[in-house]
Each structure stands twice: as C-alpha cells, then as structure tokens.
*Asks:* 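Can you read through this structure? Questions will come right after.
First the proteins, then the strands, lettered A, B, ... as listed; each starts at 1.
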Amino acid sequence: MSSPTPDSAAASTPAAPAKSMDAIMSLCKRRGFVYQASEIYGGINGFWDYGPLGTLLKRNLREAWVQDVVMNPCWGRNGPDGQPVEMVMVDTRIIQHPKVWKASGHVDGFNDPMVDCKLTKGRYRYDHVMVYVPENGQPGDKPVFAYVGDQPSEAKQRKKAEKTFGKVISVPLASLPQPWARVIGPDAEEPGSLTEPRMFNLMFDTVPGAIRDEANKAYLRPETAQGIFVQAKNVWDTNRVRVPFGIAQTGPSFRNEVTPRNFTFRSREFEQMEIEFFVVPPEHLEGDEKTTADPFAWYRFWRDWRMTWWQSIGLKGENLILREHDKDELAHYSQATSDIEYRFPFTAPGFGELEGIAYRGNFDLSQHQKHSGTKMEYRDTARGEILPNGSRRGVAYIPHVIEPSAGLDRGVLALLCEAYTKDESRPSPEFMKFHPRMAPIKAAVFPLVDKDGMPETAAKLHAALRKRFGHLGMIETDAKQSIGKRYARMDEAGCPFCFTIDGDTAKDQTVTVRDRDTGAQHRLNIDAVPAFLAEKLGV
RNA sequence: GCGGGCGUAGCUCAGUGGUAGAGCAUCACGUUGCCAACGUGAGGGUCGAGGGUUCAAGUCCCUUCGCCCGCUCCA
C-alpha cells in the first residue's frame, strides 16, 4: 500500500534515448496489444482493454509471477532463515464487508473533503487548512488569512495577519461558519475564493442486493491485500503452514483516481499481484534468529529478490531502479519501504512505481482484530517453553508482515516500453524486443514461398510446435506475401524466433532460424527445432 | 477539477465555407527463392458526438466526450 511516486527518485543515471510514448501507443493499437475501453462509444476515461497480443503478454507476466512466487517460490532459493520459502495462494472477492475498509483505513483515507480556491485553482485538504484570526477570535469585518502548515503560505499569511490584527492565533478553517466570504485563500490575494468542502470519492462504491439502500453500501476493493489479511486466520487454521510463510493473490482493484493519466499507468481499474509474507515478530525470535531471520532480514530478502525477478523477465539496465524510502516518506505503521521503479517514457528522467515492498509490522492484522473482534493471533508451536515430552508450549502472536505489492498492468506497460525498439537501419525499424518468456507469440513457421511442398512441411512443423509449446503462447504460420514482410510483422509483434522452410529443407532436412533482435540466421535440422525452442524459452 | 493542445480510413497525416483525399496497412488474383519486393484490382469514412450559423460546414460558433501536456490528486 505504499504510495506511487511517479516523477520521484534521483535521476542520477544518464537518460537513455527517449522512446516516443505516442509511437508505443500507436503500435499497441495497431498490433492489438491495448485498446481504449468502449472506444466505439467515445472511450471511458481511465479504463483500457487488452487485445489478443496484450492479453497474452499480461497472462505471461501473471503466470511467471505465480510460477516463481507460489509454485517454485523464489526459484528455490532459501530464505534468510536457511529454509525454503513457503507460499500459498488465495482468491478473495473484490467486494468485502464494508468494515474491512474501515479497519484498513481506506474509508477515511479515501474520503478526504477538499476545498478549492476559485482564484488560484489551488486545492487543499479541508482538514489541513488553518486560519489566522485575531487573539480574541473576533476579526470584525476584516478578512482573515488561511494557510496550510509547512507550506509557503504559512509564513506569508502569518505576516499579513499580524500586520492586520497584531497578535494572532490559528484555528481550523472548519471552525469558521460558511460561506467563508472573509477568508483569503492560502495562495490568494482576495477574500471569498474558497469553495465549500467537497468529497472526493476515491473508492468506488456499489450496493449489493436488489433493493438500493444506502445502508448496504459496499466498496470495490482498492487493493487485493485486505482480502489476504481478512482470510489469514483461516489460512493458517486450515492449512499446514507455519510462520514464516506467505499468502499470494492476483486480481483487479479499483481506485477512483482524480486524473487517470499516462496510458494504462494510472487506470481506475487495474490488476495487482500481492504477497503478504508473515514473519515472527522480533520479540519472539530466539537465539540466532535475532540476527539471521528478523523481519528486516526478510524485508531485504524480498526486496532484493523482487528486483532480481523483474530483471529476469527483461527489465534490465538502468531503466529499473530499487529505491529505498527515506524515513520521512514512510507511513506511520511502516518501518521500511522500498519501491521498484521503472523509467517510463512519460516519467523520464524520473521513475514510476512498479512494485512497493513494505515492512508493515502487525498493523493490518491488529486493525482487523480490533474492528472484527476476532483474534488474529497465530499459535506458533515451534516456540516457547520446552515441555517434559520434548515439545514446545507454543506462543501466540500477531505475525508481522512483509508486503511485496506489484502492479500487473504497470508491469505489462513497462514490458511494452522496454521492448519497444526503433532502429532505422533495419528493414523493419520498429520492433518489440520481448524476453522470450514474456513474448505473446513464441515462434513462427514460414514456407519461404507458397509452393513446391514448402507450405505442407511448414504446416507439419507448425502443428508439432503448437502441440508442444501452445500452452506457453501463440505459434504462428503465414504463407502470404514476401518473406521480408512476414519477418517484419513478427518483429512488430515481438516474436523472438522464425523458422523458415526453404528449397533445401526437402534435400537436407534443415530450416533457417531467424533471430528477431539481430536478424541473423542459421540452419538447423528440422527435428532439432523443438529442442532449440525449448532451450530458448527456458522450459 | 483548472489551463493549454489535439480529434479526418486500421496506422501516419493532408484538406482555411463548395463532389472525402494520400502513403502505408488489409483482402483477392498473378508473380515469388531470405528481410516491410512487383503488377493488377478491391474493400474500408455518420470527418469523436450533439446542437447552431449558412443556399452550402471536415472547415465558423456553442456544448459535450476522449486523448496528450502542465497544475491538482495519488490513502
């Protein structure tokens, strides 16, 4: 739940040649990666659909995450405690009991009333606006001066107020009767420019049940994490999992962003891939664990492995950074947070958040325990007093949690931006350099020309590759038009390998393999194609 | 929500009040011998939407929707 911070982060590394977001968006539509939602009706702000290739790209990213996080956690690496990482998965609902969001803090956080200044176009959180009034609280018919603490307006307005009234005190704007005709906005010169406080509904609401009744109001989840927390007790009560272990989940979330922006980067409906990894609270650690397996050791483990993971699927190089939050950037309940950020064309030279890794203590589970009245304690039978029969008495605690929370759609966008390559020296200047594991189309099989038995041989190889690799992605074939055009089309779709049947195939059973990134070709026995592809795809 | 820019074919764009256009892409047929080849032909547009001015609106005016940029917001 760390806050996205586009445009943040040090731009210490030199900027790579800027890619044009317009060109990327244009290719995304042309090749069926991303379409505007409801486009034929004029579109709907903040929502995007995936076309055939985009859907597969997103699926490949999600599947890679599930595979590497849940099925074979952290590629089999041991955690800081020297044990294999344990992970299970859940699938919780978009709509939860409304109290879930009260407990999580989202109802209050999502419903900040704001006041706008009609003169300066400034917008301020209602509860942050203070007003300087005379010591006796009686300004008479003189104007009073509003400000927001820690902003330039504070000193400026105080000076003006003291000039008008002498000694002043500050009171909340909320304590003054509306309309605020005599209030000068924090950055305004004239009084009366502040609007009444208005609610910004940052959570979508809905009403379950056939009869619309405000009392039944529920919310579309703004994050998948709370579904995990709410079911955490059920998971450890009914599965043989032991702390430390994690619960993972992917799925859509909804935020009523004020300004959807930057293609799919800030959408109102988006998909997350979240882990809540439960660890032993520091006070229950024993012996060596205090140094090897404390929550911070797990935090660093996840932070570093998540960074490595993003690199492994193609986000290499200086466009990907790991940024540790400064102390003053941390939420009050978090003791350490870092972001994995990507330099998107629209954030450059800054970065936009892909994933946040936060050590959240026991804040969330404690909140749910408090609001639900259900004990969210885990009984750790590997700790506590050693009993005469050799077993442990066990201790009960609310586990601490490390939360690696990634944006799936943001990941897809980063893959698209990273893959997009322009090289005017190539016959196909625009191409998508996807990592083979992410590529929606894994391979294509072409007859060099549409005759002399080549199409038949191509069809056979195509069918064989589909049977073996079709579960990973598309295997294409195409006999129309010139070979160059077919290669170029595959380049734009990001297909890493093309196998071409030519005149020699019938004689010596070889085909050519063309590499997308270099255009280089070499010959390969037709029977060796599946093994070649398997090796390249890492399967 | 505010300010600025933009919206014409799948894509990129031309069209300053008078018959809706180009290149690329797509499809068909022919040709084909490794990098967006060539020939012939075809399909594809309520000019974002709605309203107004005018004999006549892609073009001028108003409203609205969407996208881009800058603010604002991003728990």
*Asks:* Can you tell me how far P in B:U53 sits from the matching atom in B:G15, rounded to whole Å?
*Replies:*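 Here B:U53 and B:G15 have their P atoms 28 Å from each other.
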*Asks:* Report the base-pairing partner of B:G7 (Watson-Crick or G-U wobble, both distances below 3.5 angstrom), or none.
*Replies:*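 Base partner found: B:C65.
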*Asks:* Measure the distance from CH2 on A:Trp48 to C1' on B:G66 and round it to the nearest whole Å.
*Replies:* 9 Å
*Asks:* In Watson-Crick or G-U wobble terms, both distances under 3.5 Å, what is the partner of B:G39?
*Replies:* B:C29
*Asks:* Considering only the P atoms, how many Å lie between B:G18 and B:A56, rounded to the nearest integer?
*Replies:* 14 Å
*Asks:* Could you check whether any side-chain heavy atom of A:Trp101 comes within less than 4.5 Å of a side-chain heavy atom of A:Arg221, counting everything from C-beta outward?
*Replies:* yes
*Asks:* Round to a whole Å and report the spacing from NZ of A:Lys29 to C1' of B:U12.
*Replies:* 13 Å
*Asks:* Please classify the nucleic acid contact of A:Asn45 as base, sugar-phosphate, or nothing, using heavy-atom distances under 4.0 Å.
*Replies:*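 Sugar-phosphate: the residue A:Asn45, judged by heavy atoms under 4.0 Å, touches backbone atoms but no base.
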*Asks:* If I pick the P atom on B:C6 and the same atom on B:C62, what distance separates them, to the nearest angstrom?
*Replies:*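 These two P atoms come out 14 Å apart once rounded.
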*Asks:* Quick one: label A:Asp452 by what it contacts on the DNA or RNA (base, sugar-phosphate, nothing), any heavy atom closer than 4.0 Å.
*Replies:* base
*Asks:* Can you tell me the distance, in whole Å, between the CD atom of A:Glu39 and the C1' atom of B:C11?
*Replies:*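 Atom-to-atom, A:Glu39 to B:C11, this comes out as 12 Å.
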*Asks:* Check whether any side-chain heavy atom of A:His368 sits under 4.5 Å from a side-chain heavy atom of A:Val230, and report yes or no.
*Replies:* yes
*Asks:* Tell me: NZ of A:Lys451 to P of B:C29, nearest whole Å?
*Replies:* 16 Å
*Asks:* Select one nucleotide: of B:C69, B:A28, B:G33, the one nearest the side-chain heavy atoms of A:Val449.
*Replies:*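 Ranking B:C69, B:A28, B:G33 by closest atom to the A:Val449 side chain puts B:G33 first.
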*Asks:* Considering only heavy atoms from C-beta outward, does the side chain of A:Phe499 approach that of A:Thr512 to under 4.5 Å?
*Replies:* no
*Asks:* Take atom C1' in B:U46 and the same atom in B:U72, then report the distance between them in whole Å.
*Replies:*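 Here B:U46 and B:U72 have their C1' atoms 38 Å from each other.
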*Asks:* Categorize A:Gln36 for me: base, sugar-phosphate, or nothing, with a 4.0 angstrom heavy-atom threshold over every strand shown.
*Replies:*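 Counting heavy atoms under 4.0 Å across all strands, the contact made by A:Gln36 is with sugar-phosphate only.
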*Asks:* Going by purine N1 to pyrimidine N3 plus the second Watson-Crick contact, or the G-U wobble pair, all under 3.5 Å, which nucleotide sits opposite B:C47?
*Replies:* none
*Asks:* Would you call A:Ile247 and A:Phe278 a side-chain contact if the rule is heavy atoms closer than 4.5 Å?
*Replies:* yes
*Asks:* Work out how far the P atom of B:A14 is from that of B:U8, and round it to whole angstrom.
*Replies:* 10 Å
*Asks:* Across the strands shown, which category fits A:Gly46 at heavy-atom distances under 4.0 angstrom: base, sugar-phosphate, nothing?
*Replies:* sugar-phosphate
*Asks:* Between the side chains of A:Ser253 and A:Gln272, is a donor N or O closer than 3.5 angstrom to an acceptor N or O?
*Replies:* yes
*Asks:* Between A:Ala488 and A:Ala479, just flag the one whose closest nucleotide in RNA chain B comes earlier from the 5' side.
*Replies:* A:Ala479
*Asks:* Using a heavy-atom cut-off of 4.0 Å across all strands, would you classify A:Arg261 as base, sugar-phosphate, or nothing?
*Replies:* base
*Asks:* Can you work out whether A:Ile44 or A:Met21 has the more 5'-proximal nearest nucleotide on RNA chain B?
*Replies:*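 Residue closer to the 5' terminus by nearest nucleotide: A:Ile44.
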*Asks:* Reckon A:Met454 touches a base, only the sugar-phosphate, or nothing at all at heavy-atom distances under 4.0 Å?
*Replies:*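 Base: the residue A:Met454, judged by heavy atoms under 4.0 Å, touches a nucleobase.
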*Asks:* Between B:G43 and B:A49, how far is it from one C1' atom to the other, in whole Å?
*Replies:* 26 Å
*Asks:* CZ of A:Arg486 versus P of B:U32: gap in Å, rounded?
*Replies:* 14 Å
*Asks:* Report the distance from atom CZ of A:Arg30 to atom C1' of B:G23, rounded to the nearest whole Å.
*Replies:*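 One finds 14 Å between C1' of B:G23 and CZ of A:Arg30, rounded.
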*Asks:* With both distances under 3.5 angstrom, what nucleotide forms a Watson-Crick or G-U wobble pair with B:U59?
*Replies:*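 By the stated definition (distances under 3.5 Å), nothing pairs with B:U59.
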*Asks:* Do A:Gln335 and A:Arg360 have side-chain N/O donor and acceptor atoms under 3.5 Å apart?
*Replies:* no
*Asks:* Check the pair A:Gln231, A:Thr92 against side-chain hydrogen bond (donor to acceptor under 3.5 Å, both in side chains), reporting the backbone distance first and the verdict last.
*Replies:* CA-CA 8 Å; A:Gln231 291 295 1; A:Thr92 68; over 6 Å; no
*Asks:* Between A:Arg516 and A:Phe434 (side chain of the first, backbone of the second, donor and acceptor by atom type, cut-off under 3.5 Å), is there such a pair?
*Replies:* yes
*Asks:* Please state how far atom NZ in A:Lys422 lies from atom C1' in B:U12, giving the value in whole angstrom units.
*Replies:* 10 Å
*Asks:* With a 4.5 Å cut-off on side-chain heavy atoms, are A:Met490 and A:Ser428 touching?
*Replies:* no
*Asks:* Does a salt bridge link A:Asp491 with A:Arg486, judged by any charged N lying under 4.0 Å from a carboxylate O?
*Replies:*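 A:Arg486 and A:Asp491: not salt-bridged.
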*Asks:* If I pick the C1' atom on B:U12 and the same atom on B:U16, what distance separates them, to the nearest angstrom?
*Replies:*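 Rounded to whole Å, the distance is 22 Å.
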*Asks:* Please give the distance between the C1' atoms of B:A25 and B:A36 as a whole number of Å.
*Replies:* 10 Å
*Asks:* Any base atoms under 4.0 Å from A:Phe263, or only sugar-phosphate, or nothing? Heavy atoms, all strands.
*Replies:*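 It contacts sugar-phosphate atoms only.
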*Asks:* So A:Ser428, base contact, sugar-phosphate only, or nothing? Heavy-atom distance under 4.0 Å.
*Replies:*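 Base contact.
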*Asks:* Return the value, rounded to whole Å, for the distance between atom CD of A:Glu492 and atom C1' of B:G10.
*Replies:*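 One finds 12 Å between C1' of B:G10 and CD of A:Glu492, rounded.
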*Asks:* By nearest atom, which of the nucleotides B:C68, B:C34, B:C69 is closest to the A:Met25 side chain?
*Replies:*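 My answer, after comparing the listed nucleotides, is B:C68.
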*Asks:* Closer than 4.0 Å, any side-chain N/O of A:Asn262 to the OP1 or OP2 of B:C69?
*Replies:*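 Yes.
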*Asks:* Which ones in residues 512-529 of chain A lie close to RNA chain B, meaning a heavy atom under 4.0 Å from one of its atoms?
*Replies:* A:Thr512, A:Arg514, A:Gly519, A:Gln521
*Asks:* Using Watson-Crick or G-U wobble geometry with both distances under 3.5 Å, which nucleotide pairs with B:C2?
*Replies:* B:G70
*Asks:* With distance as the sole test, does A:Lys58 use its side chain to make a donor-acceptor pair with the main-chain N or O of A:Asp409 at under 3.5 Å?
*Replies:* no
*Asks:* Listing time: all N or O pairs from protein to nucleotides 37-48 of chain B that are below 3.5 Å?
*Replies:*
unit_1, atom_1, unit_2, atom_2, d
B:A37, OP2, A:Ser482, OG, 2.6

*Asks:* Would you mind pulling out the nucleotide paired to B:U16, Watson-Crick or G-U wobble, both distances under 3.5 Å?
*Replies:* none
*Asks:* Could you tell me if the side chain of A:Arg255 sits less than 4.5 Å from the side chain of A:Glu223, heavy atoms only?
*Replies:*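 Yes, their side chains come closer than 4.5 Å.
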*Asks:* Checking contacts here: which listed nucleotide (B:C35, B:C74, B:G33) is nearest the side-chain heavy atoms of A:Arg266?
*Replies:*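 The closest nucleotide is B:C74.
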*Asks:* Do A:Met454 and A:Leu448 have side chains that get closer than 4.5 Å, going by heavy atoms?
*Replies:*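 They are in side-chain contact.
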